[in-house]
Amino acid sequence: MKSSERYGGRLTINLDAVGANYRLLKARGAPAECAAAVKADAYGLGMARVAPALWNAGCRTFFIATLDEGLALRALLPDAGIYMLNGLPPDEETTLLEYRLSPVLNTLGQIEAWAAFARSAESTLPPAAIHIDTGMNRLGLPADEVDALFDRPDLLENCPFDLVMSHLACAEDRSNPMNHGQCEKFEALTKRFPGKHASLSNSAGVFLGAPFHHDLTRVGISVYGGAPILNEPNPMAEVVHLQGRIVQTRFVDSPMTVGYGATHSFKKRTRLATVALGYGDGYIRSAGNQAYGCIGGVRVPVVGRVSMDLITLDVTAADPALSEPGNFVDLIGHGADMDDIARRAGTISYELLTNLGSRYERIYIGDGSLAGETRP
Ligand SMILES: Cc1ncc(COP(=O)(O)O)c(C=O)c1O
C-alpha cells in the first residue's frame with residue numbers, strides 16, 4: 001500500500017503562495033510594516049511550516065493569541081518580534097521576559113502589572129502593545145480607561161510599550177460606516193501616544209486604503225488565500241488544496257435517498273461517489289447538501305449529510321474515468337473556492353481552515369521565498 005493511501009484526504013499547503021500573499025499584502029500596505037497573525041496553528045495550516053515561510057518572505061513581526069503559541073513560535077523564530085493578543089497571563093511576566101514575548105496589554109490591570117514588573121526586573125523587557133478599544137467591545141481599553149491611564153503618568157512612564165493597536169469590527173464590508181468611525185477614533189486616541197507605533201488593520205483593512213495602514217498592519221486570513229473584502233474579486237493566491245479520496249461509487253435512482261436522516265432524495269438516475277473524509281477530519285457538517293467539490297474542474301454537489309468519516313457527492317456530471325474509486329475530488333481549491341464553500345456551509349473561511357484536523361496526508365509546497373502566482 002502506498003503511504004498516501006493510508007489517508008482519506010490530502011491537504012496540500014502552498015508555502016510559496018503564502019509568501020506571495022504576504023508580499024502582496026505588504027506592498028498594498030506600504031510603507032507600513034506588515035506583521036502576520038499565525039495564531040491557532042497559523043489558521044490550521046501548521047505554524048511550524050507557515051511561520052518560517054513567512055520569515056523567508058520577509059515577515060519579522062508576528063501575532064499569536066496564547067503564551068503556549070508564543071513559546072512554540074519563539075522556538076521556530078529566535079529573532080522575530082512576537083506579540084501575544086490575549087494579554088498578559090497572570091504571574092507569567094518572567095516567562096515573557098525569558099522568551100522575549102511582547103504582551104498586548106488589554107486592561108489597566110495588565111498595564112499596571114507590566115509596569116510593576118519593569119520596575120523590578122533587572123533586564124529590559126520586550127516592548128508591549130497597548131490595545132485600545134474603538135468599537136469592537138471585545139478586548140482593549142475603552143476611551144474612559146485611556147483617560148484613566150493618562151491620569152496615571154507614573155504608569156505610562158514605567159510601562160515599556162512601543163505599539164498602540166486597535167481592531168476593526170467590519171473591515172471586510174467596504175461600505176460599512178463603522179470602518180471610518182473606528183479609524184477616526186483610533187487616530188484621535190493615538191495622538192495621545194506620541195512616538196509610539198500605531199496598528200489598526202487586519203487583512204481587509206489593508207484594502208480599505210492608506211488612512212487605515214498606520215505603522216503596522218496585522219494580516220491573517222488573506223495570507224492564507226482568503227478574500228479580504230466581501231463581494232470583490234479575490235487578489236490572493238490559492239494556498240489550500242483539500243482533496244478527498246473516492247472509495248466507492250454506485251448508481252442510485254428515484255425514490256432512493258442517501259445518508260443519515262435520508263435528507264436528500266434522488267429524482268433521477270444518479271452516479272454517487274462516497275469520499276473518505278467527514279466532520280472527523282474537520283469537513284464541517286453544515287456543508288451537507290450545501291457545498292460542492294470539483295472533479296476535473298466540473299462541480300459535483302455534496303448530497304446528504306456529512307458523516308464522521310465520509311461524504312457523498314453526486315458525480316453524474318463528472319468524467320467517469322476521473323470519478324472511479326481511487327481518484328480524488330477537490331473539496332477546497334482547484335475550483336472549489338474556499339470562501340464560497342465556507343459561505344455555503346454557513347460559516348467563514350477562518351472557521352473552515354481552523355477546523356482542518358490532523359487526519360489528512362499533509363503536503364507542503366515551497367518555502368515562501370519564491371514568487372507564487374496571484375490571480376489576475
Ligand atoms: C487583533 C487581531 N488582529 C489581526 C487579526 C488578523 O485578522 P485577519 O485574519 O482578518 O487578517 C486578528 C484575527 O482574528 C485579530 O484578532
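Ligands are counted one by one from 1 in listed order, and the atoms in each one are counted from 1 as well. In this text, all values refer to a predicted model and were calculated from it rather than measured experimentally.
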Protein heavy-atom partner closest to [atom] - residue, atom, separation in Å:
atom: atom 3 (N) of ligand 1; answer: R218 NE, 2.9 Å
atom: atom 7 (O) of ligand 1; answer: N202 CB, 3.3 Å
atom: atom 16 (O) of ligand 1; answer: R138 NH2, 3.4 Å
atom: atom 11 (O) of ligand 1; answer: S203 OG, 2.5 Å
atom: atom 9 (O) of ligand 1; answer: Y43 OH, 2.6 Å

Distance, nearest 0.5 Å, that separates CG of L200 from CG of L168: 4.0 Å
Ligand 1 contacted by M136 (non-hydrogen, < 4.0 Å): no
Sub-4.0 Å heavy-atom approach of K39 to ligand 1: yes
Between H167 and F186, ring centroids under 6.0 Å: no
Residue pairs fulfilling ring pair (Phe, Tyr, Trp, His ring centres under 6.0 Å) with at least one residue in residues 133-157, sequence neighbours excluded: F150-F193
Proximity to ligand 1 by part of Y350, non-hydrogen separation under 4.0 Å: side chain
Region of H167 that comes within reach of ligand 1 [heavy atoms, distance under 4.0 Å]: side chain
Under 3.5 Å: N/O of L85 near N/O of ligand 1: no
Any N/O pair V219/ligand 1 closer than 3.5 Å: no
Salt-bridge criterion met for R271 and E324 (N-O under 4.0 Å): yes
Electrostatic pair D337-R344, nearest N-O below 4.0 angstrom: no
Polar side chain donor-acceptor pair, T66 to N86, under 3.5 angstrom: no
Worked check of side chain to side chain donor-acceptor pair (under 3.5 Å) between H241 and D330: CA-CA 7 Å; H241 185 202; D330 300 314; 2.6 Å; yes
Shared-cluster residues of Y260, by chain and number - hydrophobic side chains joined below 4.5 Å: none
